[in-house]
Amino acid sequence: MWLLELSKVLAVVGTLGAWSALSERDAPLPSADGSGRSLKNSEPSAAREASEFADLPMAAHPPRVVDYTLRATLDPVVHTLHGEGSITWKNVASQPVRELWMHLYLNAFKNQSSVFMRAPVGGFRGSALPREWGTIDVRKLTWVDGAARFELAPGIQLHRPDDLDETDALIPLPRPVAAGETITLEVEWDDKLPSIVERTGFDGSFHMVAQWFPKLAKLEEDGTFAHFPFHHLGEFYADYGQYDVTLDVPEGYVIGATGTATETRVANGRRIERHVQDDVHDFAWTAWDKFETRRETIDGVACTILYPHGYESHAERELAAIRFGLPHFGRNYGKYPYPLLTIVHPPASAPEAGGMEYPTLITTGGESYIPNGFNLIELVTLHEFGHQYFYGLLASHETQWPFLDEGLNSYAEARAMAEWKGAGSLVDLFGLTIGDAEGNAGRAGRYVHDDRIAQPAYAFGSGSSYGSLVYSRTATLLETLRRVYGDKPMRRAMAAYTRKFRFQHPAPQDLLDTFQRELGHEAGEVLRTALFDKGWVDFRVEAIGSYAQREPAGIFDREGKRSTSAPEPAVPGRYSGWVLVQRRGTLRLPVDIELVAEDGTKTRVAWDGSADSLRVPYEGSSPLRAAVIDPESRALLDQNPENNFATVAGTNGGGAPRTLERATYWAELLMGVLAP
Amino acid sequence: MRPFKPFEIRARTRPAAVLLVYGVEVVSALVVATPAHAWAQRAWGAHPEGDALLFRASGRELVAWVSQTDTGMSVTARTTIVLFFLGALLMQLPLGALLASLAFSNDPPADRDVEGASGRRRQLRLVDALRAGVVTFVPLIGVLAFGTLAVGIVVAIGVATSSAIGHAFTPRFGDARAFQLTLFVLVFFVAAAATLAVAADLIRVAIARECGMAWGAHARIGVWTVMRTATKSAFRTLRGSVARTVFAWSWRFALGVGLVGVGASAALALGGRGGGALVALVVIHQVVILGRVALRASWLADATRQVARATDQSEIQE
């Protein structure tokens with residue numbers, strides 16, 4: 001997650017927290033359709049939404065590829081877990097397979113030779129060494145082939161000859177599995193949970209158990225397995241199926257898990273819960289003896305929130321986010337298909353367990369002292385819930401194409417926050433309002449020339465580059481498309497994509513094709529260039545001039561006679577001028593150019609942005625004073641908004657009197673406090 | 001220069017000195033604000049709306065401004081800090097002048113000088129007040145330095161202690177309640193730091209008296225001697241009336257916080273507008289600052305009275 005980046009932004013914002021400003025509370029966010037309507041709490045009617053996307057079909061269930069029936073027994077004292085069960089797997093490819101690949105993610109925390117530990121990328125979560133290492137050891141893997149039983153465990157190749165990483169295991173098969181054939185594997189394994197470094201592990205008696213079982217790699221249609229070592233920046237990818245998991249923990253522990261608890265019993269000092277969930281591609285769970293619990297049915301979904309003592313206000317904020325998020329995401333991206341949602345707020349001592357998503361279970365986070373007005377709690381909750389769509393229902397390859405889930409979800413989160421909280425969706429404190437989308441835009445440009453957005457997670461040069469490009473720049477790109485090409489077309493494009501590819505594994509071309517179809521060729525080209533070619537844009541006012549109109553002077557040949565005209569006095573009330581604007585970069589975006597006259601008159605000229613520059617003429621009754629490109633900040637991707645305007649030489653812009661006033665006032669106050 | 005009797009020490013009868021402090025503070029603050037203003041002017045000043053952009057809802061321009069990766073922010077920040085430091089030092093001059101104005105008069109010794117007599121005394125001449133400010137400059141800087149250090153150490157110890165206590169109780173209470181406990185413990189250390197700040201003001205007042213007395217007697221006195229004597233005098237004063245002294249500081253401090261609240265409300269209401277609204281905000285904010293300066297002068301006058309009384313009593317006892 002990008003919490004580290006966000007915390008840096010908030011640190012800067014915190015210093016500006018005393019920059020009291022009037023938020024133009026009634027001023028609408030820019031909308032390219034020119035309606036000027038305020039977007040705060042503007043919830044279209046359900047009926048209109050239902051008819052708006054009625055023509056877009058949506059799958060009710062995914063193809064079922066792999067089922068896990070597992071039982072896990074947790075020992076919270078030594079933080080070990082014994083697991084056993086069966087895996088039913090279908091070869092959905094068109095050709096036989098002669099091997100299986102299995103993710104053993106916990107081995108990423110086994111030693112410093114893992115790909116995860118030795119990846120030289122800082123600037124993202126999970127950069128610390130675990131106090132206690134973690135492992136997953138497969139004790140038994142048996143292929144039950146009719147009457148035959150093949151013991152596969154002895155043949156497991158945990159690592160490659162030249163690499164000690166043990167997260168990507170190869171399992172040779174004694175015979176090929178035919179196309180369409182289903183096999184059953186019996187499995188038994190032991191986990192040693194690490195102290196939480198990234199997402200999974202323990203902290204005291206708190207256990208967040210994720211990526212904890214031997215998980216078969218996803219089989220692609222061409223018969224190849226999408227297997228990969230667990231990289232520091234990478235996440236997950238798997239087939240859909242059913243998870244039927246029985247959890248055995250000490251009696252005093254509260255469990256939160258994927259899927260509905262179909263059986264619950266307490267026996268011999270143990271609490272045993274069976275959770276079942278269809279149509280998902282992962283299963284995670286948590287157990288802690290200090291959880292508080294709240295339940296609420298929201299939009300027909302049974303929501304449970306687990307949180308530490310003293311976090312009641314945070315629990316309420318997170319539930320409020322879900323109360324908004326469930327119907328909002330449902331209207332825009334299709335109804336949430338599962339009967340339950342579990343929200344887990346981990347203890348403050350285990351922040352790395354937070355900010356994560358699993359099917360029907362999300363983890364949030366945030367310190368107890370985060371005040372209302374810093375909307376980090378709500379933002380994280382909506383972001384992680386949004387992953388139920390972008391990762392859960394659209395199960396893209398998170399390691400190969402991280403932008404498809406993180407970037408699209410960041411955009412969806414920012415839209416949700418804007419519609420819920422308005423202009424101050426990120427910060428709304430003491431009159432300072434900062435939007436989530438604007439926060440993303442502030443982080444979007446830093447690494448644009450260093451890495452492509454659309455590339456595997458392990459290809460990024462740093463965690464900071466990954467976070468900036470995959471999360472913020474993708475979100476800003478999509479927000480730019482929305483503002484430039486229209487809210488309604490963009491909503492339809494997103495609806496088309498999320499509905500068409502629900503319960504599938506979309507790839508970037510699927511997104512490009514959908515957007516090209518819904519928004520047009522130009523928008524599709526902008527999307528492609530920005531994602532794959534480090535596309536960037538910087539609009540700039542290069543020059544501006546203004547002069548009084550005069551009759552032309554000089555030598556003229558008229559009607560066979562030559563005459564010389566002396567310079568005439570300026571024509572009263574008639575002025576001409578020009579503005580030279582430039583578009584630098586590789587993205588072609590249409591923008592408005594606003595010409596401002598000295599009498600305050602404003603004229604707008606539309607530019608399609610196709611050429612590298614444009615010379616805009618001006619004529620009016622008042623001299624031209626200034627020009628502003630993109631006055632409504634639609635092109636959020638603009639690399640540098642500070643060069644989007646210029647004033648005619650000899651005239652003044654608006655200056656910076658407010659900054660002077662504020663800075664002087666705060667300097668006086670600080671002097672009075674620190675140097676009395 | 002002749003010391004006032006305690007009953008004659010009133011800040012409201014020293015408007016010129018108060019305005020001097022305010023004036024120097026405004027000028028210093030303007031200088032401190034210059035780098036930020038220059039940076040904003042350079043970035044946004046050419047826009048027809050100017051830096052009103054930075055106050056727009058959703059903060060697009062504000063975030064873009066502070067997120068930019070060139071050296072503007074770091075240079076501005078460092079320059080501002082240096083200027084602030086210099087301004088803080090410079091403020092000791094008008095502070096010394098104010099303290100001298102509160103404590104001394106230019107009147108020659110009079111035969112009738114009875115407690116309760118309503119004879120009017122002449123204010124210290126501005127030139128003499130400024131000279132007094134020069135004389136007390138170094139010792140006041142010493143108090144500023146040591147006082148800030150002492151307050152910082154107390155607060156740092158408070159943060160460490162309260163954090164440790166909170167951490168120790170986290171397994172039992174949970175981290176949210178433990179954080180509340182942390183804040184509760186920290187309050188006591190902040191109160192201790194505030195008391196130190198009060199003591200520092202008493203020392204400042206005593207320094208002004210010592211230097212003024214020495215000057216009046218045409219005697220020379222070393223900086224360390226002044227500070228040592230003033231510190232003794234200050235703590236003697238504090239010993240005699242801790243509660244009264246702290247209360248005298250506290251209610252003025254509370255009023256000052258209230259004034260800041262008024263300023264914040266005005267900013268919220270008038271905020272990013274220009275023209276008349278901006279002028280009104282300037283006026284309101286400067287009234288807030290002037291009010292705070294006046295409250296501080298009032299407190300320093302009270303402190304001067306207390307130090308004078310304690311000194312007089314001490315001399316009588318001796």
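Note on naming: letters A, B, ... go to the chains in the order of the sequence lines (proteins, then strands), and numbering restarts at 1 for each one.
- If you measure heavy-atom distances from B/V260 to chain A, the contacts under 4.5 Å come from both the backbone and the side chain.
- Your options are B/V282, B/L300, B/V32, and the one with the most heavy-atom pairs under 4.5 Å with chain A is B/V282.
- A/P657 places a side-chain heavy atom less than 4.5 Å from the side chain of B/D51.
- Of all the listed residues (A/H314, A/E367, A/R625), the one sharing the greatest number of non-hydrogen pairs under 4.5 Å with chain B is A/R625.
- When every heavy atom of B/A176 is checked against every heavy atom of A/Y311, the shortest pair comes out as CB-CE1, 3.7 Å.
- When side chains are defined from C-beta on, B/F173 does not count as touching A/H309, because their heavy atoms never get closer than 4.5 Å.
- Taking NE2 of B/H47 as the reference point, atom OG1 of A/T647 lies at 10.5 Å (rounded to 0.5 Å).
- Of the inter-residue distances, the one linking B/R177 atom CZ with A/S368 atom OG reads 10.0 Å to the nearest 0.5 angstrom.
- Under a cut-off of 6.0 angstrom, the local environment of CZ in B/R78 is sparse, with at most 12 non-hydrogen atoms contributed by other residues, nucleotides or ligands.
- Two residues are said to be in side-chain contact when any heavy atoms from C-beta on lie closer than 4.5 Å; B/W44 and A/T659 fail this criterion.
- Contact annotation for A/A348: both backbone and side-chain heavy atoms come within less than 4.5 Å of a heavy atom of chain B.
- Chain A forms the most heavy-atom pairs under 4.5 Å with one residue out of B/D175, B/L183, B/L95, B/V288, and that residue is B/D175.
- To the nearest 0.5 Å, atom CD of residue A/E668 and atom NE2 of residue B/H285 are 10.0 Å apart.
- Heavy atoms closer than 4.5 Å to chain B are found in the side chain of A/E312, but not in its backbone.
- Under the 4.5 Å side-chain criterion, counting only non-hydrogen atoms from C-beta, B/S67 is not in contact with A/R443.
- Side-chain contact check for A/L674 versus B/T148: every heavy-atom pair is 4.5 Å or farther apart.
- Atom CD1 of B/I289 and atom OH of A/Y665 lie 5.5 Å apart (nearest 0.5 Å).
- In this structure the side chain of A/L660 reaches within 4.5 angstrom of the side chain of B/L30, judged on heavy atoms.
- The main-chain N or O of A/G655 is never found under 3.5 Å from a side-chain atom of B/Q41 such that the two would form a donor-acceptor pair.
- Residue B/R42: no heavy atom, backbone or side chain, is found under 4.5 Å from chain A.
- The shortest side-chain heavy-atom distance between B/R292 and A/L669 falls under the 4.5 Å cut-off.
- Although no hydrogens or angles enter the test, the distance criterion places no donor-acceptor pair under 3.5 Å between the side chain of A/T664 and the main chain of B/A33.
- Looking at B/V21, there are no atoms closer than 4.5 Å to chain A (heavy atoms on both sides), in backbone or side chain.
- Scanning all heavy atoms of the two residues, the minimum distance from B/R60 to A/A441 falls at NH1-CB, 3.8 Å.
- Counting heavy-atom pairs closer than 4.5 Å to chain B, the top residue among A/A675, A/A646, A/A656 is A/A656.
- Separating the OG1 atom in B/T80 from the CG atom in A/L670 is a distance of 11.0 Å, to the nearest 0.5 Å.
- Taking a 6.0 Å sphere around CZ of B/F253, one finds it holds 12 or fewer heavy atoms contributed by other residues, nucleotides or ligands.
- Comparing B/G50, B/A88, B/P48 by heavy-atom pairs within less than 4.5 Å of chain A, the highest count is held by B/P48.
- For B/S28, the parts lying near chain A are the backbone and the side chain together; criterion is any non-hydrogen pair under 4.5 Å.
- Interface remark: of the candidates A/P308, A/S205, A/G310, A/S425, A/G310 forms the most heavy-atom pairs closer than 4.5 Å to chain B.
- The heavy-atom pair separating A/P631 from B/R56 by the smallest distance is O-NH1, 3.6 Å.
- Contacts of B/P35 with chain A are absent, with no heavy-atom separation under 4.5 Å from either backbone or side chain.
- Annotation: side chain of A/R662 is in contact with side chain of B/F55 (closest heavy-atom distance under 4.5 Å).
- If you run side chain to side chain contact (heavy atoms under 4.5 Å, CB included) between A/R658 and each of B/L281, B/L53, B/L278, B/L54, only B/L278 comes through.
- Top candidate by heavy-atom pairs under 4.5 Å with chain A, chosen from B/A40, B/A43, B/A36, is B/A43.
- Within the 4.5 angstrom heavy-atom criterion, only side-chain atoms of B/Q92, from C-beta onward, approach chain A.
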